[in-house]
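Worksheet: one structure, shown below.
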Amino acid sequence: MSQQVRVRFAPSPTGYLHVGGARTALFNWLYAKKTGGKFILRVEDTDVERSTQESVDGLLRDMKWLGLTWDEGPEVGGPHGPYFQSQRLHIYQEYARRLVANGAAYPCFCSEADLEAKRQKAEEEHRSVHYDGTCRHLAKEEVERRIAAGEPHVIRVKVPEKDYVLEDLVRGRVEWKAETLGDFIILRSSGMPVYNFCVVADDADMQITHVVRAEEHLTNTHRQLILYEALGIKPPIFGHASLILGEDKSKLSKRHGATAVGQYAEDGFLREALINFLALLGWNEGNDREIYSVDELIECFTLERISKSPGVFDHNKLIWMNGQHLRALSVDTLLPMVEPLLKKAMPDDPRLSNPELTRKLVELIQIKMNTLNDAAPVAEAILRTSQPESEEDIAMISTDKSKALFTALADEFSKCEWVRDGYNAAIKAAGKTAEAKGKDLFMPIRVKITGSGHGPELVGILDVLGRDEVIARLRA
RNA sequence: GCCCCCUUCGUCUAGGGGCCCAGGACACAGCCCUUUCAAGGCUGCGACGAGGGUUCGAAUCCCUCAGGGGGCGCCA
């Protein structure tokens, strides 16, 4: 009987939630959902200089928008709290005390200036820049004396002289030679713990079973393995996914445009589409499938199929995928998403106060949309009266023949039955009168009514505009 | 400098010794459908980083190199 899966997403609140972090969170979340496990959110805010409340708020907001809700963490609490590292300081102190007590760690009094000098010297001599272990063998009495004297010191772990092996879920076997690492710091002179130490203490304390994170942490795992060993705790299973790259193949950053999850929400992307896209960037089921609902993703997801190689974030494909999800929505689902956007763009339009017309409008424009933000411009093009801009269009509606057609059509429209069959017949009759057919018939009408040579289907536009408006536009 | 990871169309990827002179998707081009634009359908364009092995046979296994990325902090 295997224990329940416990996974976590542990961001540091030093900026917005970007797509890379979101994908890491997603992989963990999917795995928890798939296995019936728990998804834990832990905020790694030990870097007081850079952490901000604003970032925390944004992070929680974006996670919620994505629907990546957590079983334990900020706001919801849980049995292994607190879930902010800044509130767990006593826990780290305790773990550190334990390590010093059992001889796996020791106080180090070397000053930063000394270390910097040694580092430089090592670099000049082309040696690796590890801590040389000066304080490792200090006599117990001396240590006690210096601590009692209030001498500032850090706590370092004794790195054992041995190789370490990681069986990574996505990378396979990864090995580190003994000499690649020097005794590293776990507690700063301020008493604040250091990242690698917090992670191990927290993951152990929170009984995390699987650590799925980005590749930038792969080498950190070496240190963490050492810490687990020193603590006498069995390490979790690790899986390191690759980084997401910008379109120039460099690590994703702000200069790559919208990389913030919140920005995608604002730009009219569907959370389900972003999730679908992120999931497929660095994971696949082993087949050609592209479109998944969130539930389908949960069903198909496996950690073993996370890919090793880094991926470029392709905004174009995201847009396409969003369009796929958007078009798959029922009008009932889409309507409440789009309606506020339409009302915001055209606050005074009486037709938007008419539920039936609004619904028809949404039905009409759905196929033209790739993002929710496409709705208002498309709708505006129909609802607002506008004059054609291109020379060609202006010429088309200015001929005598076109003018005759519009007059005839206005007459026909004023007496026909205002349903699709009705206006189709009217258009046909007007065409006959003005001796126009096919493209010469429909194009001028479209341009005259909407001011543009393209847009949604004409009959749908007539539906939405209504008889009076259409006739007025024809006679204008 | 040292350590670790990665390398299939422009991009996301399938593939894991013969099924592959490499399949799908986005993008791009053309055609079809259509009263327009979309959407949809079809077709085309387009890749195994390089060099050595192993093998009857290599995108696939091994080695070397190159390129890219990450780490080597009292950052996370």
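Here is the naming used below: chain letters follow the sequence lines, and residue numbers restart at 1 for every chain. Bear in mind that the values here come from a model prediction, so they are computed numbers and not experimental data.
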Answer yes or no: does a side-chain N or O of [X] lie under 4.0 Å from OP1 or OP2 of [N]?
{"X": "A:Ser51", "N": "B:A76", "answer": "no"}
{"X": "A:Thr46", "N": "B:A76", "answer": "yes"}
{"X": "A:Gln324", "N": "B:G40", "answer": "yes"}
{"X": "A:Asn284", "N": "B:A14", "answer": "yes"}
{"X": "A:Arg305", "N": "B:A14", "answer": "yes"}

Please report, rounded to the nearest Å, how far the [atom2] atom of [N] is from the [atom1] atom of [X].
{"X": "A:Asp288", "N": "B:A14", "atom1": "CG", "atom2": "P", "value": "10 Å"}
{"X": "A:Lys308", "N": "B:U7", "atom1": "NZ", "atom2": "P", "value": "7 Å"}
{"X": "A:Leu245", "N": "B:U13", "atom1": "CG", "atom2": "C1'", "value": "15 Å"}
{"X": "A:Asn220", "N": "B:C72", "atom1": "CG", "atom2": "P", "value": "7 Å"}
{"X": "A:Ile445", "N": "B:U35", "atom1": "CD1", "atom2": "P", "value": "13 Å"}

Expressed as a whole number of Å, how far does the [atom1] atom of [N] sit from that of [M]?
{"N": "B:C12", "M": "B:G71", "atom1": "C1'", "value": "27 Å"}
{"N": "B:C45", "M": "B:G40", "atom1": "P", "value": "22 Å"}
{"N": "B:A38", "M": "B:C31", "atom1": "P", "value": "13 Å"}
{"N": "B:A25", "M": "B:A14", "atom1": "C1'", "value": "11 Å"}
{"N": "B:C62", "M": "B:G16", "atom1": "P", "value": "15 Å"}
{"N": "B:U35", "M": "B:A47", "atom1": "P", "value": "39 Å"}
{"N": "B:C33", "M": "B:A22", "atom1": "C1'", "value": "32 Å"}
{"N": "B:A39", "M": "B:C26", "atom1": "P", "value": "10 Å"}

Mate of B:U34 where both pairing distances stay under 3.5 Å, Watson-Crick or G-U |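 B:U34 is paired with nothing.
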Considering every strand shown, what is the Watson-Crick or G-U wobble mate of B:G44 when both distances are under 3.5 Å?
->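 B:C28 is the nucleotide pairing with B:G44.
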Can the positive tip of A:Arg223 be found less than 6.0 Å from the middle of the six-membered ring of A:Phe184, inside 45° of the ring normal?
->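 Output yes; distance and angle both within limits.
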Centres of the [X] and [Y] rings: under 6.0 Å?
{"X": "A:Trp418", "Y": "A:Phe413", "value": "yes"}
{"X": "A:His217", "Y": "A:Tyr195", "value": "yes"}
{"X": "A:Phe27", "Y": "A:Trp283", "value": "no"}

Polar side-chain contact A:Ser189-B:C74 base: donor and acceptor under 3.5 Å |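 Between B:C74 and A:Ser189, which were checked side chain against base, a qualifying N/O pair under 3.5 Å is present.
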Strictly by modelled atom types, are A:Asp183 and A:Tyr106 linked by a side-chain donor-acceptor pair under 3.5 Å?
->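 Distance-only check passes for A:Asp183 and A:Tyr106.
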